[in-house]
Amino acid sequence: MPQPNRRSAPFYMTATTQFGLEEVLAEELRQLGAKIEKVGQRAIEFVGDTQLLYEACLWCRTAMRILRPFAGFYARDEKALYREVGRIDWSKYIRQDQTFAITAVVNKSTFDHSLFVAQLTKDAIVDQFRNRTGSRPSVDVKNPDIRLHLHMIENDVVLSLDASGESLHKRGYRQQTNVAPLNEALAAGLLLLAGWDGKKTLIDPMCGSGTLLTEAALIAQRIAPGLYHQGKFGFENWSDFDAALWESVQLDARQARIEEPQAYLAGSDLSREFIALARENVAAADLEDYIRFGVRDVKEAKAPAREEPGIVIMNPPYGERIGEEAEMDALYKTIGDTLKSGFQGYDAYIFTGNLEAAKRIGLKASRRIPLYNGPIDCRLLKYELYQGTRKVSKPE
């Protein structure tokens, strides 16, 4: 691993994300000065130095994890995997008094089981320590000091250190976990896919617990999401951790924050409880000055009178339960009516996993971006709501 005094020596890294956000994340990394090597499925390979690694963990809004590959080999069978892992000098990466955990992802290989691969790798590491020193580091699956990531494709293995610690999408401002909100990285991704610039009016008339608006405020006020990260980042436990550099990267991030509100952000929801939760989250993130909330049915929602038209965005319910079809059809028809009557001149973005009900919106989508919300196949649908005499679109 590069020594702290060779701060500028560049190395390879991988940033992981969700399906459909790859180009958005690649652009985020470019803005930080990364050299993009490959945009893959849910992963970006890039080159940068230690400072960029720290900044990526702090600033990337759509990343789940930042990984640092340090070893690669071919493993034909179990013996070979055990042998190759045992050839690595593990004292460079894990101290005896540290805990560690391994996540394994196995694709198209003769090993059919990722848990088995993780177990075998763990055994090889632990045996090396025991043979050399008589004692061994412990495994802690919940909260390890060192997270290792093993990726195996067709028996080619890459081992990486996980720089993130807790997944980066868990920002730490969310006060409750009992509702099923949008994950924060996905919420940020939707805003960036919508091309929102952090300046235009942004309205969410079905805001739930406010994740889209909270992420919007972070973008508008130039706040690094990693400043909310709970616990240590993974790289803080590495042998080459540069505390002074990390301190200065954090200081730069704190100073980048803009205090003056940059955009008109407003959300409403029919549920009083949701609006109360949204206010709690926003207070926890110290963003009360930037977002307005109100309790209101979506059919009452309309654009603020004194603001320039911008973007209206929402993630309505999908109606997973049996027998909700009629209810969903009615809801999506109401959404369409609200957009037509209340938001002329705006661009509307609807993120939904119910593509049947979305037809009831009654407008022609000018873009349909495939994404997932957890396991649910979704689309981000864009509708251009023309001012005044709306152009009549041909029926689909």
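Small disclaimer: the values here were computed from a predicted structure and weren't measured.
Residue E356 places its CD atom among 12 or fewer non-hydrogen atoms of other residues, nucleotides or ligands, all under 6.0 Å distant. Within 6.0 Å of NZ on K200 lie no more than 12 heavy atoms contributed by other residues, nucleotides or ligands. Counting non-hydrogen atoms of other residues, nucleotides and ligands closer than 6.0 Å to CD of E308 gives a total of 12 or fewer. Within 6.0 Å of the NZ atom in K299, the count of heavy atoms belonging to other residues, nucleotides or ligands does not exceed 12.
Counting only residues at least two apart or in different chains, ring pair (Phe, Tyr, Trp, His ring centres under 6.0 Å) contacts with residues 17-49 comprise F19-Y372.
A search for side-chain contact (heavy atoms from CB on, under 4.5 Å) contacts involving D77 returns K79, A80, not counting sequence neighbours. By the side chain to side chain donor-acceptor pair (under 3.5 Å) test, E215 pairs with R171, Y173, sequence neighbours left out. With sequence neighbours excluded, the residues forming a side-chain contact (heavy atoms from CB on, under 4.5 Å) with R136 are V126, F129, R130, V139, listed by chain and number. The side chain to side chain donor-acceptor pair (under 3.5 Å) check on R83 picks up nothing, with sequence neighbours excluded. Listed by chain and residue number, nothing satisfies the ring pair (Phe, Tyr, Trp, His ring centres under 6.0 Å) test with H169 (two or more places apart in sequence, or in another chain).
Y318 places a side-chain heavy atom less than 4.5 Å from the side chain of F351. Two residues are said to be in side-chain contact when any heavy atoms from C-beta on lie closer than 4.5 Å; F100 and R95 fail this criterion. The shortest distance between side-chain heavy atoms of I44 and E22 falls below 4.5 Å. Looking only at side-chain heavy atoms (C-beta outward), L193 and L371 come within less than 4.5 Å of each other. Proximity of N183 to M64: side-chain heavy atoms (C-beta onward) are separated by under 4.5 Å at one or more points. Counting heavy atoms from C-beta outward, R306 and Y264 have side chains that stay 4.5 Å or more apart. Residues Q31 and E28 have side chains not in contact (no heavy-atom distance under 4.5 Å, counting atoms from C-beta outward).
Residues K333 and D337 are paired through a salt bridge, judged by an N-O separation under 4.0 Å between the basic side chain and the carboxylate. Between R379 and D377 there is a salt bridge, with a side-chain nitrogen of the basic residue lying less than 4.0 Å from a carboxylate oxygen of the acidic one.
A donor-acceptor contact under 3.5 angstrom links the side chains of S164 and D162, judged on distance only. With 3.5 Å as the limit, one finds no donor-acceptor pair spanning the side chains of R174 and T214.
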Side chain to side chain contact (heavy atoms under 4.5 Å, CB included) evaluation trace for D89 with R132: CA-CA 11 Å; D89 179 2; R132 286 185 183 179; 3.1 Å; yes
I'd like to know whether L381 forms a side chain to side chain contact (heavy atoms under 4.5 Å, CB included) with R368, so could you lay out the CA-CA distance, the side-chain angles of the two residues, the decisive distance to 0.1 Å, and finally the verdict. CA-CA 5 Å; L381 304 168; R368 313 170 66 88; 3.9 Å; yes
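Nearest heavy-atom pair across A220 and A263 is CB-CB, 4.4 Å.
Aromatic ring pairs are classed by plane angle as parallel below 30°, tilted from 30° to 60° and perpendicular above 60°; the pair W238 and F235 is perpendicular.
Cluster annotation: L52 is connected to F11 through the hydrophobic network of ILVMFWY side chains, with a link wherever side-chain heavy atoms come within less than 4.5 Å.
Ring-centre distance between W196 and Y346: not below the 6.0 Å cut-off.
Under the side-chain contact (heavy atoms from CB on, under 4.5 Å) test applied with H149, the options L161, V158, V105, L159 reduce to a single match, V105.
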